[in-house]
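Heads up: the structure comes next, in structure tokens.
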Amino acid sequence: MDFRFTEDQLMMAETARKLLADTATSAQLRTMLANGMARDDARWTKIVETGLTLTMLPEDAGGLGLTEADFVLIAEAAGYAALPEPLVESAGIAAPLLAAIAPAHEVLGDPAATIAIGHAINPYVADADTAAALLLHHDGATYLRRPDEVRLIREESLDPFRRLFKVEWEPSGEPLSAAPDLWSDALDRGALFMAAQCAGLAQRAIDIAVDYAKTREQFGKPIGAYQAVKHLLATAQVQVEFAKPVVHAAAIGLAQRDVFSRARISHAKIVAAEAADLATRTALQVHGAMGYSWEVDVHFLLKRALALNTAWGGPGFHRERVLARLRAAPAGPEYGFAHAGMEA
Amino acid sequence: MKLLVAVKRVVDYNVKVRVKSDKTGVETAGVKMSMNPFDEIAVEEAVRLKEKGVASEIVAVSIGVSQAQETIRTALAMGADRGVLVETDVAVEPLAVAKVLKALAEKEGAQIVVLGKQAIDDDMNATGQMLAALLGWPQGTFASKVEIADGTATVTREIDGGLETVALALPAVITADLRLNEPRYASLPNIMKARKKSIDMLKPEDLGVDVTPRLTTLSVSEPPVRKAGIKVPDVATLIEKLRNEAKVI
């Protein structure tokens, strides 16, 4: 199996990174917060123009027909930028679900429109108020509702950029689809792309802390020159480096849809969330008292890491899935990329 | 009208360059490389000229190592039609690059060659001017605005004293300054299409150009560390220090 990303995949990720670095600066994010903005229209327009919202849509639905392996680096870039807009949730999770049911649906025809998704594993629906449609789960069936057809109750998130809503609705009428497997796919994508965002934001936290450690001086030297600081950061970076390949391997194998691929996704979610937790706490520590202040961006990342840790399944849920795989077949290095039908 | 646009692979502008321990140059191993930012502006301008119907084809050219194909691919994703890589492992100097571009401009029958005003690695700011001289074409350097009509390129140049507007009879060489435009992001569909666009591979000898370096780098070193400043209590002390210590007044 070739785990290297193609030049196209790397160039797409670079485009996403560059665009988000230019348009989701600290000052821009803070302006959004100060003005209670749900979305930065200029940034979202550029995201749409660049085709990022079309990545995971099949070509017959007007998309680029790319896969999770293509989108995973874009999700990492979104995590790195602490992107407030629901690019990952809409384009990476909800849109493929709707396209699998109704590729000609009008909502998919507008690349700027976002779709919110309410999976049973998440108590609240993110960005439901700004979405063109909500995909809602009930007894394995899929229902589509417009925001004005449901009652949305805003719930506070510890992440100031996450707009969470409790959705009150009635599953009346014909569902869009009764196939529960689609929700299983959505869960896999959700967990995978949350893991990718965790890997991205972990890297950002380390980068911010390293920059600070290079410039903040104590006893005549940058604090990064002291082992007590540099080893903290190195340990966090090692954890990120070990998490990223797990996330990438999970993305490549998601299409297997078996106990093995699901365990790899869960493994990715666990280790990426742990890396994000360690990296953000380390960044906080390296900044000293400054780290706790509103003026330093570390708290945005710390809060996002905490929020993503439980989104699309917390550690307990994902450990259960890894356990299910361990019970299903032998484990060991030679089974690292096992799949259903493989001889034990 | 065919446009040639030159793109150079350089150390990414976000990377803090480090001098090699043997002081023969800067470290490039394992360093992120990107298209020279001024060349990105040049590509963007070429694409805009094509979108306006002024240009019919844009050929992106790079001279350097095999990996420079990635830089050309970026230009193709931004909207160039095809690429040419003149492959060499030699560290090419501005004169050699200008000679290669001259040969290509003549071979392709280009009417305009657009380049960045300088590359951010060596900041030479020489290739465009040398190319114009070799071709015997007029040049509009440091362009902040370009308009093409009736066989003439009207170029607004950023100069020390302000802005200067020159009219160039085509064919001409134009070098892009920072404020000429804001380069677009390569869209994902265009990145995918760029894979299908061709990149011709040539060697300098195919164009009859000798790229052997003519300059010898004696040593490369970090800029001297700036000394910390001091606070002076009043204007009189400041003037006294400027006059007697710094000796600048």
Side-chain angles (χ1 to χ4, degrees), chain A residues 5-25 42-59 62-67 69-71 73-75 77 80-81 87 91-92 95 111 203-204 207 210-211 214-215 217 220 222 224, chain B residues 7 9-18 30-37 39-41 43-44 47-48 51 60 62 66-80 83 85 178 181-199 225-228:
Chain A
F5 287 104
T6 64
E7 280 183 32
D8 279 2
Q9 288 170 330
L10 294 173
M11 200 185 282
M12 289 176 192
E14 181 60 24
T15 293
R17 270 194 288 269
K18 196 172 171 191
L19 188 158
L20 298 178
D22 291 344
T23 60
T25 62
R43 177 168 56 239
W44 188 249
T45 299
K46 285 188 174 167
I47 287 171
V48 172
E49 284 172 354
T50 311
L52 290 168
T53 58
L54 302 174
T55 317
M56 294 280 292
L57 282 181
E59 290 179 45
L64 301 178
L66 298 176
T67 66
D70 299 293
F71 195 76
L73 293 179
I74 295 170
Y80 190 91
L87 171 67
Q203 189 61 61
R204 173 79 176 281
D207 289 350
V210 168
D211 280 348
K214 282 178 179 173
T215 53
E217 291 194 3
Chain B
V7 293
R9 181 175 183 263
V10 298
V11 174
D12 188 84
Y13 69 95
N14 281 314
V15 173
K16 186 177 186 304
V17 292
R18 291 178 189 281
V31 172
K32 187 183 173 195
M33 308 294 280
S34 300
M35 187 191 296
N36 174 37
D39 296 346
E40 265 189 78
I41 296 170
V43 174
E44 174 64 32
V47 174
R48 289 186 187 190
E51 286 170 348
S62 192
S66 168
Q67 292 90 327
Q69 285 180 82
E70 295 162 19
T71 310
I72 295 176
R73 200 65 74 186
T74 303
L76 297 176
M78 288 174 71
L85 173 62
L178 190 66
N181 58 53
E182 189 182 332
R184 69 194 63 193
Y185 301 102
S187 72
L188 270 55
N190 283 343
I191 290 171
M192 294 167 72
K193 285 179 197 160
R195 189 63 44 201
K196 293 171 185 157
K197 295 179 181 175
S198 67
I199 298 179
V225 178
R226 255 180 101 180
K227 289 178 185 167

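The sequence lines fix the lettering, A, B, ..., with proteins before strands; numbering per chain opens at 1.
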Restricting to non-hydrogen atoms, name the atom on [X] and the atom on [Y] that form the minimum distance, rounded to 0.1 Å.
X: B:P189; Y: A:G51; value: CD-CA, 4.4 Å
X: B:V47; Y: B:M78; value: CG2-O, 3.6 Å
X: B:L85; Y: B:A68; value: CD1-CB, 3.8 Å
X: A:L52; Y: A:I74; value: CD2-CD1, 3.8 Å
X: B:A75; Y: B:V7; value: CB-CG1, 4.3 Å

Produce the donor-acceptor pair table for chain B versus chain A, cut-off under 3.5 Å.
| unit_1 | atom_1 | unit_2 | atom_2 | d |
| --- | --- | --- | --- | --- |
| B:K32 | NZ | A:E14 | OE1 | 3.4 |
| B:K32 | NZ | A:E14 | OE2 | 2.8 |
| B:E40 | OE1 | A:K18 | NZ | 2.9 |
| B:E40 | OE2 | A:K18 | NZ | 3.3 |
| B:Y185 | OH | A:D22 | OD2 | 2.8 |
| B:A186 | O | A:T15 | OG1 | 3.4 |
| B:L188 | N | A:T50 | O | 2.8 |
| B:R195 | NE | A:D8 | OD1 | 2.8 |
| B:R195 | NH2 | A:D8 | OD1 | 2.7 |

Task: Heavy-atom contact with chain B under 4.5 Å, split by part of A:L10 - done: neither
Task: Contacting region of A:L54 [heavy-atom separation from chain B under 4.5 Å] - done: neither
TODO: Mind checking the CD1-CG spacing from B:I191 to B:L76? Nearest 0.5 Å is all I need.
DONE: 11.5 Å
Open item on the list: Between B:A194 and chain A, with a heavy-atom cut-off of 4.5 Å, which part of the residue counts as in contact: side chain, backbone, both or neither?
Closed with: neither
